[in-house]
Every structure is written in structure tokens, then in C-alpha cells.
Asks: 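Next up is a structure, given as C-alpha cells.
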Amino acid sequence: MAYLRFREVEKAFNRESVTVAIPDKMPSEYFGEKVFNRKAMSQYLPEPIYRALVDAIDHKKPLSRDVADEVARGMKQWAIDLGVNHYTHWFHPLTDGTAEKHDSFIVNDGKGGVIEEFSGKLLVQQEPDASSFPSGGIRNTFEARGYSAWDISSPAFIHNNTLCIPTIFIAYSGESLDYKTPLLRAVNSLDRAGTAVAQLFDPQVKHVISNLGWEQEYFLVDEALYACRPDLAMSGRTLMGHESAKNQQLEDHYFGAIPQRVEEFMLDLEIECHKLGIPAKTRHNEVAPNQFEMAPIYEETNLANDHNLLLMNVMAEVARRHHFRVLLHEKPFAGINGSGKHNNWSLNTDTGVELFRPGKSPKENLQFITFVANVMAAVYRHNALLKASISSATNAHRLGANEAPPAIISMFLGSQLSKILADFVKMSEDDDIAFKKRETIDLKVSQIPELLLDNTDRNRTSPFAFTGNRFEFRAVGSSANCASAMIALNAAVADQLLQFRTRVDKRVAQGESVEHAVIEEVKALIAYSRPVHFDGNGYSDEWKLEAERRGLDCETSVPLIIDAYTRQESIDMFARTGVLSEVELKARNEVKWEMYVKKVQIEARVFGDLALNHIIPVATRYENVLLDNVYKVTNLFPHGKGEKIAAQDVAMIETMSEHIRFIKDQVNQLVEARKTANRIESMRERAIAYHDTVAPYLETIREHIDKLELMVDDEMWPLPKYRELLFIR
Ligand code: ADP
Ligand code: MG
């Protein structure tokens with residue numbers, strides 16, 4: 001290993017630089033050229049078929065079989081013209097990735113040869129052999145098969161010479177086995193609920209659209225160094241490694257000059273993204289050394305999420321071209337910042353109103369406050385669920401680590417909005433409010449001043465922050481499928497908005513004006529949600545105590561946090577919105593606990609291997625070098641002089657052997673703890689055991705290994721160190 005490491009690293013640093021194939025066109029000219037978008041559709045589909053497809057997409061209608069056949073024919077021709085011979089249904093199983101099984105277009109022509117064919121049936125629906133995807137038992141108890149069905153709201157695209165058709169993935173019994181199905185249900189439910197509330201202000205509104213703008217953080221590591229770190233390769237993070245002398249304390253990396261090698265990678269990545277229709281826009285260094293971020297222009301939530309999942313794949317491929325490995329793990333390195341994926345989330349109407357953007361008129365502002373208050377209430381009521389939606393074995397290393405939001409969901413509003421809401425609650429029904437008939441809402445609420453966007457008033461310690469015209473859900477992890485967070489958030493807000501509309505209607509039925517009803521209900525929501533509002537320092541210990549007093553969920557164990565999904569209030573909320581059934585929720589939790597167990601299990605195995613087969617042999621060898629020295633010195637210098645000279649080495653040997661003994665002993669205990677946990681039948685209980693009795697060993701043993709790293713001869717140390725991994729040359 002040491003030899004391989006040396007060769008690999010040496011080779012790596014003599015590598016020729018990679019040249020990026022920069023198109024001789026502007027991004028606007030090649031944007032989406034690998035996407036079967038409206039331009040390609042209109043080119044490849046007969047006019048009536050094009051119109052039927054666009055109508056189905058815009059109005060969420062099913063496609064007729066005839067239309068599907070024609071669409072498939074056009075799509076196939078488009079793909080073939082771009083040199084593509086395979087297609088796949090591209091779906092998002094309950095792992096944190098995407099799945100695809102490629103088929104060629106060829107079919108028998110009946111004369112011993114083949115022709116390229118692609119029917120509407122194959123485009124619209126397929127039955128991939130999906131028995132190996134996690135289902136939480138749904139497919140065991142019901143029906144073994146699952147099928148994938150085309151999501152026409154997300155356009156097909158070409159990736160690596162394969163036509164990829166975004167699909168949902170469900171069991172024959174109808175339960176979803178993926179992230180996309182409930183995400184679509186959640187945004188549809190928000191559309192219905194949001195529209196019902198927006199119509200109180202403008203009856204013309206027909207739809208409310210949920211938007212997502214993610215910010216993807218990541219680390220880059222040289223591939224040769226990565227190859228020498230089995231822990232990175234197997235678990236995505238370093239399970240050991242002493243801090244380097246310099247890390248992020250000088251704060252010189254954030255927004256600093258991007259290293260040339262990295263800039264070339266970013267450029268290459270952006271070109272790929274633009275061809276795939278991913279509107280990549282922003283790139284910069286992040287806080288930790290070797291940490292970077294990329295963000296696109298925001299899009300409709302379902303499409304934005306498809307793009308993020310695609311991006312994570314493309315990133316890994318492009319990184320390899322540049323001899324990097326991209327790390328999407330939430331905490332690849334101890335002691336420096338981890339990576340998140342802020343989910344910027346907003347709502348707008350089909351009439352062009354941004355519902356979280358303070359308006360110009362009092363009426364617009366009342367609508368703005370109405371939507372903000374409903375979000376507050378939803379986040380408060382479902383704070384435990386929202387935390388569950390972003391919790392995972394990997395994100396747990398980041399949350400609460402004093403650099404990311406704590407494991408408590410609160411909401412930051414900023415001083416301006418806080419004041420406005422406080423004033424709003426105090427507002428009395430004086431002459432300023434003119435209650436008129438519903439058709440002519442004309443509020444003269446002078447107390448609602450025109451709001452100013454205040455971007456300086458940012459609080460990086462809040463997991464859920466208002467940022468001027470949107471909310472930023474910052475607790476989402478860098479490796480996560482954003483759908484998990486977006487399903488919970490959109491469903492919770494949809495449910496809240498429906499309740500709001502019902503309550504307003506009830507008041508109106510009793511003779512109140514719409515305006516009065518809205519104002520009273522909003523006041524009640526603001527008062528109700530007070531405990532979730534926190535503008536202070538989320539990293540402080542006082543906040544943890546305060547949050548507990550306020551009744552916010554403060555659980556830190558991931559297997560227990562996940563319980564929030566199956567509490568009655570969550571089951572009811574998901575049932576009312578039609579997003580997930582109780583069966584689905586329970587099955588998904590089984591999958592989550594299983595994933596938790598597997599991730600910790602893999603880490604524990606790699607850790608044991610590294611400790612026993614890499615670290616201890618090397619430490620022992622170095623101990624022997626020292627021992628040899630002690631013997632020689634004491635023989636050479638008689639009369640106690642030798643002992644004196646060798647005293648430091650003897651002390652070092654003692655310390656080292658204590659560490660070695662501790663490591664051996666604890667690794668054995670770790671193995672025993674795993675065995676005991678594995679015997680537990682219930683997946684939930686097993687996950688709890690992994691959390692409580694297995695995972696802690698990784699931290700305690702690591703400390704001793706990291707101390708050995710400081711003692712053993714650098715030449716011998718078998719793993720690349722943090723200072724090597726973290727500073728790209
Ligand atoms: P910062 O890091 O300062 O928050 P970035 O420029 O890195 O800002 O990222 C901002 C993100 O917010 C981008 O993904 C962008 O698309 C998204 N965004 C901007 N406006 C909206 C909006 N109205 N709705 C949803 N997302 C938005
Ligand atoms: Mg950013």
C-alpha cells in the first residue's frame with residue numbers, strides 16, 4: 001500500500017493538465033441541446049402531437065396511447081440523430097441516488113436482422129426488475145413487481161449516449177417506491193392549497209408553483225490520494241486523520257481565488273450542465289479548504305430536483321476526467337466545515353406574483369404576510385418532521401457541529417420582518433382598514449409598510465431562514481435527495497394553507513368580510529408560531545435550552561428523529577394532502593432505519609480493517625524501530641548513560657503501546673457491539689443499537705489513532721494525511 005501510494009501520488013503530480021473542450025458558441029446557444037425540450041419537440045413531432053403533448057404537460061393531463069406512440073417515434077428520431085441507441089427509464093429509488101437500466105432501441109425485423117424501434121408503451125411505462133431496490137417491505141407483503149411511468153413534466157434528456165426518461169417508480173399495489181412520486185403529489189397538493197388561498201386576494205389565480213434553487217456544496221480530492229484512503233472510497237468520509245496545522249482558521253479559502261485545476265473542472269462541469277439544461281450559474285470556493293459550491297438559477301421544484309440528482313452524477317464523471325474525486329458526504333473531514341445543500345424555496349402564482357416577496361401595495365403585503373404566517377405555522381407544527389426529512393447517518397455528522405444549523409428546526413425572519421409581524425399582531429381595526437366587498441379588495445393598511453429586501457440581515461446559524469423573497473432550508477445535507485425535504489415542506493405548508501382557507505371561509509360564512517377574516521386568522525397564526533421564530537445564535541448552548549423550553553424537537557439520535565414520520569399528526573397531514581399513506585410512511589421508515597444501519601455498519605467494518613491492518617502494523621513497526629534504537633544506545637553507552645539518552649524513546653514506546661492496546665481492545669468491542677446489534681430483529685431497534693452502541697466507538701478509537709499519526713514516522717504512515725488531502729496544488 002505504501003508503495004502503491006507513493007507511485008500513485010507521484011504519477012498524479014506529474015500528470016498533464018486536462019484540456020476542456022470549450023464550445024465555440026455561447027451557453028445560450030447550446031443550452032439544453034441534450035434535452036428533448038419544446039424546441040426539439042416542435043422540430044420532431046407533428047404539429048397536433050406537439051400541441052397535445054404541451055397541453056398534457058401544462059395541464060397535468062394523461063397522454064393518450066396514440067399521442068404517446070407518436071411522441072416516442074419523434075423522441076427516438078431525435079436521439080438517433082444525436083448518435084444515441086439506448087434508452088432508459090431514469091428513476092429515484094429510496095437510496096440517495098438515481099437508477100437506470102439501459103435498453104437498446106433494436107428489435108427483430110422478422111428477417112434475421114434488427115430495426116430501431118421505440119413505442120409509446122415503452123416510453124410511458126416499464127417494469128424494471130426492481131426487486132433489489134429498498135421498499136421497506138411493501139413489495140414483500142403485496143406484489144413483487146414494481147413499474148416505472150414517465151413523468152411528462154420533466155423532459156427526457158441524453159446522458160452518456162443514453163436517452164433518459166424521467167419516471168416515477170411504484171409498486172403494483174400503488175404505493176410509491178421512490179422520491180419522485182410523493183414529491184409530485186406534494187407540489188400538486190401545494191398548488192391546490194396555495195391557489196385556494198391566493199384566490200382570496202386575486203380570483204384570477206389558477207395555479208401556485210413551488211420553486212427550488214439548491215446550492216450544492218462539495219469537496220474535491222485528488223484521485224491518487226483518494227485511492228489511498230479506503231475510508232473515503234467505502235464510506236465517503238475520512239474515519240481518521242489528525243487535523244492539519246492549517247485548515248480554515250485563516251478564512252482564506254472562502255470566495256478566494258479558485259485554483260486553476262479546479263476552475264477547469266468547474267468550467268467543464270458548467271458546459272455539461274448547460275447542455276443538459278441545468279441552469280448552472282454560480283460557482284465559488286466555500287469555507288473549508290478544497291470545498292466548493294455550485295448553484296443554478298432556481299426552477300420548478302420537481303424539475304430542479306431532477307437537475308440536482310443529475311448534477312450529482314455529472315459532477316462525479318467530470319471530476320474523474322480531471323483526476324479528482326468529488327466528495328458529496330456531509331462531513332468528509334473532522335474539524336473543518338461540512339457540506340450542505342441549501343434549499344432555497346419560494347412560491348409564485350401563475351399570474352406572476354412571488355408570494356414571499358414583499359409587495360408594493362398593502363394588499364400585496366397582506367398576501368405576503370398571509371403566506372409567510374402559514375409557512376411559519378407549518379414549520380412550527382411540523383418542526384420534528386422537517387428535521388426527520390433532512391436527517392441521515394451522514395448529515396448527523398454535520399448538524400450540530402457548530403458550523404451547520406443545529407439539530408433543532410427554528411425559523412429566522414430578520415429584524416425587519418419580525419417587526420412587521422409584531423406590528424401586524426398589534427394592529428387594531430381602525431379606519432386604516434377598509435373592509436370592502438370581496439371583489440374589490442382594497443386594504444389601506446398603512447401599518448404594513450413597503451418592505452425592503454435586506455440581504456445584509458443574514459443569519460447563517462439558522463436552519464430555516466427568510467432571505468428577502470424566499471426561504472432557505474439550510475439543514476439539507478449535501479448528499480441528500482432534496483425531494484425528502486421538499487416533500488415534507490410542501491406537504492406541511494399545503495396542509496396548513498388548506499386549513500387556513502377553511503377557517504377563513506367559516507368566518508366569511510358567519511358574516512365577516514374576507515379581509516377581516518384573513519387578518520384575524522393571520523394574527524392567530526403569528527401568535528401560534530411564536531416559539532419557532534428565533535433570530536439569535538443557533539450554535540449557542542443557551543439556544544438548546546431555550547428551544548427545549550419552547551417545546552421544539554431537540555432529539556439528536558437519527559433513528560429516533562425518524563419516528564416523527566409516523567406520529568399521528570404526520571400520518572394525518574400526509575393523508576389529508578394525499579402525499580403519502582400510512583403504509584408508505586411506515587415502509588419508508590423501515591428503509592431509513594435500514595440505510596442508517598448499513599451506513600454505520602460499512603463505516604465500522606472499514607474502520608476495523610484500517611485500524612487492525614493498516615495502522616497497528618505500521619505503529620508496531622515504528623515501535624520496533626524505537627526499541628531497536630533503545631537497545632543499541634543502552635549497549636553502546638554503559639553506566640546508565642545509555643538509559644538516559646534513550647529515556648524519551650522509552651516513554652514514546654510506552655505511550656504508543658498504550659494507544660495500540662487501547663485500539664485493539666476497543667476494535668474488538670466494536671465488533672462485538674456490531675454482532676449484538678445485528679441479532680436484533682426490529683430494524684428500528686437495530687438502528688437505535690447502532691447509534692447508541694456501535695457509532696460511538698468510531699469517535700473514541702479515532703482519537704487514539706490520530707495521536708499515533710503524530711508519533712509515527714511520516715514515511716511509514718499508510719494513509720494520506722489531511723494536509724495532503726486538503727490542499728490542491
Ligand atoms: P447565497 O449563497 O448567498 O445564499 P447563492 O447565489 O449561492 O446565494 O444561491 C442562491 C440560490 O437561491 C440559487 O440556487 C438561486 O437559484 C436560488 N434562488 C434565488 N431566488 C430564488 C427564489 N425566488 N426561489 C427559489 N430559489 C431562489
Ligand atoms: Mg451560496
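If you're wondering where the values come from, they're calculated on a predicted model, not measured in any experiment. Each ligand, and each atom within it, is numbered from 1 in the order the structure gives. Position 1 is the first residue of the sequence; numbering continues from there.
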Asks: Once side chain to side chain donor-acceptor pair (under 3.5 Å) is applied, what residue pairs with a partner in residues 366-378 remain, sequence neighbours excluded?
Replies: Asn374-Gln496
Asks: Picking from Gln216, Glu293, Glu215, what satisfies side chain to side chain contact (heavy atoms under 4.5 Å, CB included) with His342?
Replies: Glu215
Asks: Is it true that atom NZ of Lys39 has more than 12 heavy atoms of other residues, nucleotides or ligands lying nearer than 6.0 Å?
Replies: no
Asks: Tell me whether Asp495 is salt-bridged to Arg381, with the criterion being a basic N under 4.0 Å from an acidic carboxylate O.
Replies: no
Asks: Using the side chain to side chain contact (heavy atoms under 4.5 Å, CB included) definition, which of the options Val221, Thr238, Asn290 pairs with Leu726?
Replies: Asn290
Asks: Which of the atoms in ligand 1, numbered in the order shown and given with their element, are less than 4.0 Å from a heavy-atom of Ala295?
Replies: 14 (O)
Asks: Tell me the closest heavy-atom pair linking Phe157 and Pro166, and the distance in Å.
Replies: CE2-CG, 4.2 Å
Asks: Work out whether the distance between some heavy atom of Glu472 and some atom of ligand 1 is less than 4.0 Å.
Replies: yes
Asks: Does Glu293 come within less than 4.0 Å of ligand 1, judged by its heavy atoms?
Replies: yes
Asks: Is the contact between Trp214 and ligand 1 made by the side chain, the backbone, both, or neither, using heavy atoms and a 4.0 Å cut-off?
Replies: backbone
Asks: Any nitrogen or oxygen of His284, main chain or side chain, under 3.5 Å from a nitrogen or oxygen of ligand 1?
Replies: no
Asks: With atom 16 (O) of ligand 1 as the reference point, say which of Gly468, Gly213, Pro296 has the nearest heavy atom.
Replies: Pro296
Asks: Could Glu264 and Arg321 be called an ion pair, given the rule that one side-chain N must be under 4.0 Å from one carboxylate O?
Replies: no
Asks: Under a 4.0 angstrom heavy-atom cut-off, which atoms of ligand 1 come close to Asn469?
Replies: 23 (N)
Asks: Which atoms from ligand 1 have a heavy atom of Ser346 less than 4.0 Å away?
Replies: 22 (C), 23 (N), 24 (N), 25 (C)
Asks: Given Asn344, Ile297, Asn348, which has its nearest heavy atom closest to atom 11 (C) of ligand 1?
Replies: Asn344
Asks: Can you tell which of His342, Arg470, Lys281, Arg474 gets a heavy atom nearest to atom 10 (C) of ligand 1?
Replies: Arg470
